[in-house]
Trainee: 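Can you read through this structure? Questions will come right after.
Values below: every heavy atom of this structure, side chains too, minus hydrogens, waters and symmetry copies.
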Amino acid sequence: MVHFKELKLDEKILRAIEQLGYTEPTEVQQRVIPVALQKQDILVKSKTGSGKTASFATPLCELVDWEENKPQALVLTPTRELAVQVQEDITNIGRYKRIKGLALYGKSPFARQKLALKQKTHIVVGTPGRVLDHIEKGTLDVSKMEYLVIDEADEMLNMGFLEQVESIIKLLPKERTTMLFSATLSDVIKKLSSKYMKQAVSIEIDAAE
Ligand code: ADP
Ligand code: MG
């Protein structure tokens, strides 16, 4: 059995993971976390329910600089519900490092999110439309965004977010780590990854496991 301890994580993060009741990292977590900690771009295909969220939330919580006042990581999700869920997972895993996550999504007052963005935030999680809106209006400063995660990329494209995702990527710093997660890999997703990722490590977990 592999332990989270073997993944060279901060004691504060190990303690938080233990409290979540996770005893053993899932296969995708075992394979993704060490690569993500090296700040390499990653393209991940792994089925729903395999634990992809913690596979990026854990390294993000590990890598962000607590001292930095501007947001350093952006996670894009296809739905509001998923944005909230991922934000909660990040808050739980980053609890003892006092990592601040913020969820941004549509059909919710822009002004309140604008106010929340004035507070220190390490990791922003959001749906493409609202995230783009905040970047364009200057309420979300992306100048220090070192990490980009595209979660549930297949769902994202099914929902017609490709154009907005690309617009966001073009506004982010070129020097960054990009991770893309999906349950399925289509040609469009592969094209997206080759266009915006650098020498991405490809991790595919067999669906028949
Ligand atoms: P995916 O994004 O691949 O669909 P999730 O990240 O949503 O999967 O995780 C699915 C479920 O598994 C969640 O309820 C999560 O809390 C749980 N989970 C994740 N990692 C572990 C682990 N290492 N041990 C036990 N449960 C886990
Ligand atoms: Mg997921």
Trainee: How about NZ on K97, more than 12 heavy atoms from neighbouring residues, nucleotides or ligands closer than 6.0 Å, or not?
Mentor: yes

Trainee: State whether the side chain of R130 and the backbone N or O of T127 hold a donor-acceptor pair below 3.5 Å, judged by distance alone.
Mentor: no

Trainee: Run the side-chain hydrogen bond (donor to acceptor under 3.5 Å, both in side chains) check on E68 and H122 step by step: do they pass?
Mentor: CA-CA 8 Å; E68 172 59 55; H122 301 100; over 6 Å; no

Trainee: What about M179 and V86, same hydrophobic cluster or not, with Ile/Leu/Val/Met/Phe/Trp/Tyr joined at side-chain heavy-atom distances under 4.5 Å?
Mentor: yes

Trainee: Evaluate the side-chain proximity of T178 to V149: yes if any heavy-atom separation is below 4.5 Å, no if none is.
Mentor: no

Trainee: Checking side-chain polar atoms at under 3.5 Å, does T91 have a donor or acceptor matched by the opposite partner on Q87?
Mentor: yes

Trainee: Would N92 and E88 satisfy side-chain hydrogen bond (donor to acceptor under 3.5 Å, both in side chains), going step by step from the backbone distance to the final call?
Mentor: CA-CA 6 Å; N92 284 330; E88 285 174 1; over 6 Å; no

Trainee: Between K52 and E152, is the closest basic N to carboxylate O distance under 4.0 Å?
Mentor: no

Trainee: Check whether any side-chain heavy atom of E146 sits under 4.5 Å from a side-chain heavy atom of D65, and report yes or no.
Mentor: no

Trainee: Output, in order, the C-alpha distance, side-chain angles, deciding distance and verdict of side chain to side chain contact (heavy atoms under 4.5 Å, CB included) for R176 and Y147.
Mentor: CA-CA 6 Å; R176 59 156 202 276; Y147 307 97; over 6 Å; no

Trainee: Can you check whether R31 reaches V44 side chain to side chain, under 4.5 Å on heavy atoms?
Mentor: no

Trainee: More than 12 non-hydrogen atoms from neighbouring residues, nucleotides or ligands closer than 6.0 Å to CD on E18, yes or no?
Mentor: no

Trainee: Give me the other members of the hydrophobic cluster that F110 sits in, counting Ile, Leu, Val, Met, Phe, Trp and Tyr linked by side-chain heavy atoms under 4.5 Å, directly or via other members.
Mentor: none

Trainee: If I take atom CD from residue E62 and atom CD1 from residue I13, how far apart are they, to the nearest 0.5 angstrom?
Mentor: 4.0 Å

Trainee: Please give me the minimum heavy-atom distance between S108 and Q113, naming the atom from each residue.
Mentor: OG-NE2, 3.7 Å

Trainee: Same cluster or not: L192 versus L148, using hydrophobic residues (I, L, V, M, F, W, Y) connected whenever any side-chain heavy atoms lie under 4.5 Å apart?
Mentor: yes

Trainee: Looking at K191 and D187, is there a salt bridge between them, counting it only when a charged N and a carboxylate O are closer than 4.0 Å?
Mentor: no

Trainee: Quick one: do the D151 and T77 side chains pair a donor with an acceptor below 3.5 Å?
Mentor: no

Trainee: Report the C-alpha distance between Y196 and I150 in whole Å, list the side-chain angles of each, state the deciding distance to 0.1 Å, and finish with yes or no for side chain to side chain contact (heavy atoms under 4.5 Å, CB included).
Mentor: CA-CA 11 Å; Y196 297 107; I150 302 170; over 6 Å; no

Trainee: Between I205 and V28, which heavy-atom pair has the shortest distance, and what is it?
Mentor: CD1-CA, 3.9 Å

Trainee: Please say yes or no: joined through hydrophobic side-chain contacts below 4.5 Å, possibly via intermediate residues, are L14 and Y96 part of one cluster?
Mentor: no

Trainee: Dump the intermediate steps for side chain to side chain contact (heavy atoms under 4.5 Å, CB included) on L132 and L171, then the final yes or no.
Mentor: CA-CA 9 Å; L132 187 57; L171 294 167; 3.8 Å; yes

Trainee: Is there a path of hydrophobic side-chain contacts, each under 4.5 Å between heavy atoms of I/L/V/M/F/W/Y residues, joining F181 to M156?
Mentor: no

Trainee: To the nearest 0.5 Å, how far apart are NZ in K190 and CE in M197?
Mentor: 13.5 Å

Trainee: Taking ILVMFWY side chains as joined if any heavy atoms are under 4.5 angstrom apart, and letting links pass through other members, which residues group with V84?
Mentor: Y105

Trainee: Between I93 and L20, does the side chain to side chain contact (heavy atoms under 4.5 Å, CB included) criterion hold? Intermediate values first, please.
Mentor: CA-CA 8 Å; I93 293 171; L20 285 174; 3.8 Å; yes

Trainee: Taking the side chain as C-beta and beyond, is there a heavy-atom pair between S50 and T26 under 4.5 Å?
Mentor: no

Trainee: Can you find a pair of side-chain heavy atoms, one from Q199 and one from D41, that are under 4.5 Å apart?
Mentor: no

Trainee: Working to the nearest 0.5 Å, report the span between CE of M145 and OG1 of T177.
Mentor: 13.5 Å

Trainee: With sequence neighbours left out, what residues match E11 under side-chain hydrogen bond (donor to acceptor under 3.5 Å, both in side chains)?
Mentor: R15

Trainee: Can you tell which of K120, K70, K118, K114 makes a salt bridge (Lys or Arg N to Asp or Glu O under 4.0 Å) with D141?
Mentor: K70

Trainee: Could you tell me whether the side chain of T121 and the main chain of I123 form a donor-acceptor pair under 3.5 Å?
Mentor: no

Trainee: Please find the pair of heavy atoms, one from P71 and one from V124, that lie closest to each other, and give the distance.
Mentor: CB-CG2, 4.0 Å

Trainee: Below 4.5 Å, heavy atoms only, C-beta onward: do V201 and L43 meet side chain to side chain?
Mentor: no

Trainee: So which heavy atom on P78 is nearest to which on E155, and how close?
Mentor: CG-CB, 3.7 Å

Trainee: Please answer: with hydrophobic residues joined when any side-chain heavy atoms are less than 4.5 Å apart, are F161 and L140 in the same cluster?
Mentor: yes

Trainee: Would the distance check show the side chain of S55 and the main-chain N or O of Q29 forming a donor-acceptor pair, the cut-off being under 3.5 Å?
Mentor: no

Trainee: Do V2 and P25 touch side chain to side chain, with heavy atoms closer than 4.5 Å?
Mentor: yes

Trainee: Tell me the closest heavy-atom pair linking L63 and A36, and the distance in Å.
Mentor: CD1-O, 3.5 Å

Trainee: Which heavy atom in V64 sits nearest to a heavy atom in A73, and how many Å separate them?
Mentor: CG1-CB, 4.4 Å

Trainee: Let me confirm one number: the CG-CG distance from L7 to L37, rounded to the nearest 0.5 Å.
Mentor: 8.0 Å

Trainee: Nearest 0.5 Å please: distance from the NZ atom of K12 over to the CD1 atom of I99.
Mentor: 9.5 Å

Trainee: Do T139 side-chain atoms and H134 backbone N/O form a donor-acceptor pair below 3.5 Å?
Mentor: yes

Trainee: Could you check whether any side-chain N or O of E6 sits under 3.5 Å from a backbone N or O of H3, counting only pairs where one atom can act as donor and the other as acceptor?
Mentor: yes

Trainee: Side chain of S186, backbone of I189: donor and acceptor closer than 3.5 Å?
Mentor: yes

Trainee: Measure the NZ-CD1 distance between K170 and I168 for me, rounded to the nearest 0.5 Å.
Mentor: 11.5 Å

Trainee: Between V165 and L157, is there a side-chain heavy-atom distance shorter than 4.5 Å?
Mentor: no

